[in-house]
Engineer: 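Dropping the structure in here first, questions after.
Computed from a predicted structure; not experimentally measured.
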Protein chains: 2
Amino acid sequence: MTAQRRAVAEALSAPDLHVTAEEVFERAAAVLPEISRATVYNTLNDLVALGEVRLTSFDGGQTRRYDPNARVPHHHLVCTKCGGAKDVLFGHAVPPLSKKERQGYEVDASHIVFEGICERCKSA
Amino acid sequence: MTAQRRAVAEALSAPDLHVTAEEVFERAAAVLPEISRATVYNTLNDLVALGEVRLTSFDGGQTRRYDPNARVPHHHLVCTKCGGAKDVLFGHAVPPLSKKERQGYEVDASHIVFEGICERCKSA
DNA sequence: ATATTTGCAAAGTGTTTGCACGTAA
DNA sequence: TTACGTGCAAACACTTTGCAAATAT
């Protein structure tokens with residue numbers, strides 16, 4: 001556990017924030033100016049491999065964001081204007097697929113993406 | 001409407017296939033060997049802008065795929081092994097969010113991603 | 001002391017762009 | 001004929017890698 005790793009972890013700490021790699025770098029650099037992008041990317045990849053953080057994208061892969069809340073299953077509210085995303089701690093389960101709908105797949109997870117306009121973009 | 005545009009459209013024609021840009025290029029080049037990657041990208045972007053095709057990513061943005069079935073709302077079955085995706089024409093609607101769950105968002109679309117292992121990867 | 005992590009700069013992806021040529025209408 | 005589409009190659013943004021110096025255990 002090194003100082004730079006701690007800085008990256010801290011940059012991800014806000015539970016329902018979904019930051020880009022560049023934002024993680026900026027936040028980490030604010031605390032530890034000599035940190036390099038390579039270290040940020042390495043650490044993020046390690047965290048993803050460990051299952052601590054989830055790599056997500058809600059705009060068809062044009063922007064990649066890191067979801068620190070990987071351990072708690074949840075859905076997402078995504079703003080189609082600004083790209084921001086919020087977690088939805090959704091009580092109800094996702095409706096199950098019938099055997100025919102499963103098309104031979106063995107399904108072991110599912111999540112819903114709700115697309116819309118966030119409050120800030122609506123008023124802007 | 002040019003020959004290269006037609007070749008790109010044809011490469012996307014299978015309704016529940018989700019191809020990458022490179023696969024579109026390969027398929028188009030099989031028919032029209034002198035086609036260039038730039039044209040493929042240009043055309044794909046045009047199709048996305050027209051709403052004919054939807055840009056998607058199911059692996060956190062590491063692979064981008066084009067979904068030709070943009071006009072019909074549907075959900076997706078995604079294989080976490082091979083990255084392949086199939087459409088799910090889902091009769092049931094997505095459960096609505098309560099006002100509190102919406103967190104000020106104005107939601108206008110939603111879709112479910114079912115993750116699992118496809119039949120081929122299961123037997124492999 | 002040894003193995004691991006860092007920073008830098010360079011290489012690698014996949015995608016986009018500028019410009020001259022070719023082609024559609 | 002006139003504007004638009006194409007191909008090429010260069011530019012681009014983002015991410016990964018090789019290596020030597022620095023650091024953790």
Side-chain angles (χ1 to χ4, degrees), chain A residues 1-12 17-68 70 78 82-85, chain B residues 1-12 17-68 70 78 82-85:
Chain A
M1 181 46 77
T2 65
Q4 353 335 45
R5 250 121 141 122
R6 221 182 321 270
V8 170
E10 226 142 82
L12 289 163
L17 205 68
H18 301 76
V19 270
T20 64
E22 186 61 24
E23 282 163 356
V24 172
F25 170 70
E26 284 165 21
R27 284 153 173 264
V31 175
L32 206 69
E34 72 273 26
I35 201 170
S36 80
R37 255 165 260 264
T39 300
V40 171
Y41 278 106
N42 287 339
T43 308
L44 287 172
N45 287 342
D46 292 349
L47 289 171
V48 170
L50 285 169
E52 292 294 337
V53 154
R54 197 181 163 101
L55 182 56
T56 62
S57 182
F58 301 116
D59 61 353
Q62 294 181 99
T63 317
R64 296 192 208 174
R65 293 170 183 274
Y66 293 88
D67 181 348
V78 177
C82 68
Chain B
M1 182 44 76
T2 65
Q4 357 329 50
R5 251 123 139 119
R6 221 181 322 269
V8 170
E10 227 142 80
L12 288 163
L17 207 66
H18 302 76
V19 271
T20 63
E22 186 62 25
E23 283 163 356
V24 172
F25 170 70
E26 285 166 20
R27 283 153 175 264
V31 176
L32 207 68
E34 72 275 25
I35 200 172
S36 80
R37 254 166 262 264
T39 299
V40 171
Y41 278 106
N42 285 339
T43 308
L44 286 172
N45 287 342
D46 292 349
L47 289 171
V48 170
L50 285 169
E52 292 294 336
V53 155
R54 195 180 163 103
L55 182 55
T56 63
S57 180
F58 302 116
D59 60 355
Q62 294 181 101
T63 318
R64 295 192 209 176
R65 293 170 182 275
Y66 293 88
D67 181 348
V78 177
C82 68

Engineer: How long is the line joining CZ of Phe25(B) and P of dT13(C), in whole Å?
Structural biologist: 16 Å
Engineer: Determine yes or no for a side-chain-to-main-chain donor-acceptor pair under 3.5 angstrom, with Thr20(A) supplying the side chain and Arg65(A) the backbone.
Structural biologist: no
Engineer: dT5(C), OP1 or OP2 - any side-chain N/O from Thr39(A) closer than 4.0 Å?
Structural biologist: no
Engineer: Counting the atoms with a prime plus P, OP1 and OP2 as sugar-phosphate, which does Glu22(A) contact under 4.0 Å by heavy atoms, base, sugar-phosphate, or nothing?
Structural biologist: nothing
Engineer: Return the 5'-most residue of the pair Ser36(B), Tyr41(A) with respect to DNA chain D, ranking by each residue's nearest nucleotide.
Structural biologist: Ser36(B)
Engineer: State, to 0.1 Å, how close Ala28(A) and Ala11(A) come at their nearest heavy-atom pair, and which atoms those are.
Structural biologist: N-CB, 4.4 Å
Engineer: Measure from CG on Asn45(B) to P on dT16(C) and round the result to the nearest Å.
Structural biologist: 5 Å
Engineer: To the nearest Å, give me how far apart CE (Met1(B)) and C1' (dT6(D)) are.
Structural biologist: 15 Å
Engineer: Of Arg5(A) and Tyr66(B), whose nearest nucleotide on DNA chain C comes first from the 5' end?
Structural biologist: Arg5(A)
Engineer: With nearest nucleotide decided by heavy atoms, which residue, Asn42(B) or Asn42(A), maps closer to the 5′ end of DNA chain C?
Structural biologist: Asn42(A)
Engineer: Any donor and acceptor pair, going by atom type alone, linking the side chain of Thr56(B) with main-chain N or O of Gly60(A) inside 3.5 Å?
Structural biologist: no
Engineer: Once you round it to whole Å, what is the distance between P of dT13(C) and CZ of Arg37(B)?
Structural biologist: 12 Å
Engineer: Search all heavy atoms of Phe58(A) against all heavy atoms of Ala85(A) and return the closest pair with its distance.
Structural biologist: CE1-CB, 3.5 Å
